[in-house]
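One structure below.
Numbered from 1 within each chain, the chains take letters A, B, ... in sequence-line order.
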Amino acid sequence: MTDNQEQLIKEAVKKALQGDMDAVNNIEDRVTRSKAKAALVKAKREAAKTSAEPSAEEKSEESGSESKPASQSPNQQFAGIIASQFPNTVDEELSSETHIQLRPAKWFDVAQYLRDDPACLFDSLQCITGVDLGEDSGLEVRYNLHSMTHRHAIEIRIACSDKNPKVPSVEAVWRIGDWFERETYDMFGIKFEGHRDLRRILLPDDWEGWPLRKDYEVQETYHGIVVPKVKEGWE
Amino acid sequence: MVLNIGPQHPSTHGVLRLKVVTDGEIVSDIAPVIGYLHRCFEKHCENSTYEQVIPFTDRCDYIASMNNNFGYVVAMEDLMEIKVPERVEYIRVIMAELNRIASHLLALGTYGLDVGAFTPFLYMFRDRERILDIFELTCGARLLYNYMWVGGVSHDLPVGFVETVYNFLDYFEPKVQEYNDILTYNKIFIERTADVGVLLPEVAISFGVSGPNLRGSGVKWDIRKDEPYSIYERFDFDIPIGQGLVGTTGDCWDRFYVRVLEMIESTKILRQALKDIPTNGDVHQALPKKIRPPKGSIYRRTESPRGDLGYYIISDGSPQPYRLKMRSPAFTALSVLNEISRGWMLSDVIAVLGSLDIVLGEIDR
Amino acid sequence: MGVFENKFQDNIVVASLDKLLGWARSTSPWFFQFGLACCAIEMMATAASRHDLMRIGMIPRSSPRQADVMIVAGTVTMKMSLRVKKLYEQMANPKYVIAMGSCATSGGPYWQHGYHVLKGVDLVVPVDVYVPGCPPRPESLIEGLLKLQEKIQSERPLTRKTA
């Protein structure tokens, strides 16, 4: 390695350690560039060993509370805001930095507030997931919300029993709730109160049972066709 | 009058049934009926190990299987906090972008077929075959690859891969101009698609539409730029949005044109990735011996050719996922069909459906 | 008459008419495009420019009344199986079915926990040729079609079938 190259690599690594990756990425010669990247990895490892500080995390909301004790994760922040606006809806013991646990009673109002309030502006419902937590814990519905303007995201969980599960519907707040809730109803049997058209979406209308529950038993025949595996000796 | 379109019909999107309520020729309501391809993907995931889930994710969105795999492994690596080697990152980005081009070629070709143009279909499939040849060179499969594993990829790049892809890019970039000449600026195509099925940005966001459908309405949102994953921050590329060049912003033509421009952006990313890829490195170096993620859950999104592909994985510490939910972008795109096609004629409904670029395997899972 | 010279022996007329009919029916089977899932993409790729299905005489027809062969490409679910049966009954005789891909043959990768997946389309319609693969390469599908052609040619539609 010539002196020029060594010099170039040293400077590029120094700049990259301060956060400017362009110096490394702009090196034209591929061999030198890869050497610079290797030197950078080594330098970073040394720096981590000597300072013994956790390296800065990127955009994941879960880790916000670890490296900076003063700030909270978005989930904790919004749990506080919701609790102040709608008392008795947030279940404080079960909420954490990864999610907000809500009681089902006023979910529709909370949802409207989350969508319309200028500090929140959660205009995008990303995903509704139904979960079967087992016999003792019942079912749960999890909502992932995201804001296109403020770029923050939270997760809300609402628990319900598995005997007669009911959760208020938010399809009037986020239009995609319509289909997501129908799918959760189809797979788990959770009834969404206030939904204008709650019926099965993926399975046929005359299907029996809620497939994604852990205690689901497949029905024997459907319109005369045998459902479970028929052919012998396949296991 | 209530008409029934499907589930078997000449349009190539899959088994979709539309119950169309018309008033003469004008459509007043459409109810899509889905579930004809519900293959119990989530139940299978709960009963298979984390490695065995990957071929199932392939088969959900079978046109862009590399991107499906990518989304899953990015979510798993976030959950397990695995860092993959540089070479693996570059290989993944190259494969994902090649598959994005292949997926858009199929989407555009079949859209031409829906609207009545047979020639672009043949041209685009001819070019798509060249991409499938590249995939076959690498991992042996043409359509469903099982290529990206948690912590690495299944096969390293073969000898001569980089030259092959450069040859393909040199061949492909002038072809986009050819497609523009036959289809994009074709007078009949413009009359069929401009101003039809306008999707307003607020409606799109409320319905959770993402990807080229949202960008066609003028919203600049791309997970690769706004919530970057893997090494997408290192590449320099634009996000094309619809601007209503021949009609209203957010019409079918805009969604079509955004896909054409995205193919060009993907070629830019590919050229940069091929220049920078590290020449050596073991692709199986970071593969975990046994995948047992810590207890917890994660929701992670990546950009598939159809939009925001999200995986919600709940792990209970065992080698099998407790719950795995795939949030598919085409599901949300199809739900907006009713809103944007009211008041149009029946043949316009086919044009709108084609522009949304749905894949039933992903919707029904 | 150049095609028929020295091809058939001095037989009774019925036998050579059989062969003539077999030749006519097998060499241009129009297929009913029944693409359901991933195999449909490979079927489209087979019909596209590189592996051309037109050279063996097959054109995609969307109506069951105009088709001879139904290529069931992809997974058949319970919801869809009733429609497959209905469409098969709407096809006109002579009709044949090709089960393309492992999902149509026997349920495919979804055989174990697929509560909604039909474990093979032969539970609802009679299948003539099975093409394995997930998805089968276009060359495999073409071989399956050629095997179907052989099968059609060997049929004897005019001879009376005894018991």
Under the side-chain hydrogen bond (donor to acceptor under 3.5 Å, both in side chains) test, which residues partner B/N4, sequence neighbours left out? B/R17
Just to verify, what does B/R365 make a side-chain hydrogen bond (donor to acceptor under 3.5 Å, both in side chains) with, not counting sequence neighbours? A/E183, B/E42
Using distance alone, with no hydrogens and no angle criterion, decide if A/R175 and B/T332 have a side-chain donor and acceptor under 3.5 Å apart. no
I need the B/Y312 OH to A/I128 CD1 distance, nearest 0.5 Å. 12.5 Å
Looking at A/E217, I'd like to know if its CD atom is crowded, meaning that more than 12 non-hydrogen atoms belonging to other residues, nucleotides or ligands lie closer than 6.0 Å. no
Listed partners of B/Q272 passing side-chain contact (heavy atoms from CB on, under 4.5 Å), at least two apart: B/F235, B/D236, B/K268
Using heavy atoms and a sub-4.5 Å threshold, report which of residues 138-147 of chain A line up against chain B, by residue number. A/R142, A/N144, A/H146
Has the side chain of A/R151 got a donor or acceptor atom that lies under 3.5 Å from a matching backbone atom of B/E227? no
Name the member of A/M187, A/M148, A/R200, A/R115 that forms the most heavy-atom pairs with chain B at distances under 4.5 Å. A/M148
Given A/D132, A/L212, A/L125, A/D186, the one with more heavy-atom pairs under 4.5 angstrom with chain B than any other is A/L212
Using heavy-atom distances under 4.5 Å, tell me whether A/R199 contacts chain B through its side chain, its backbone, both, or neither. neither
Can you tell me which portion of A/L203 sits under 4.5 Å from chain B's heavy atoms? Options are side chain, backbone, both or neither. side chain
Side chain proximity check, A/W179 to B/I34, heavy atoms < 4.5 angstrom: yes
Looking at B/Y322, I'd like to know if the NZ or CZ of A/K214 sits under 6.0 Å from its six-membered ring centre while staying within 45 degrees of the ring's axis. yes
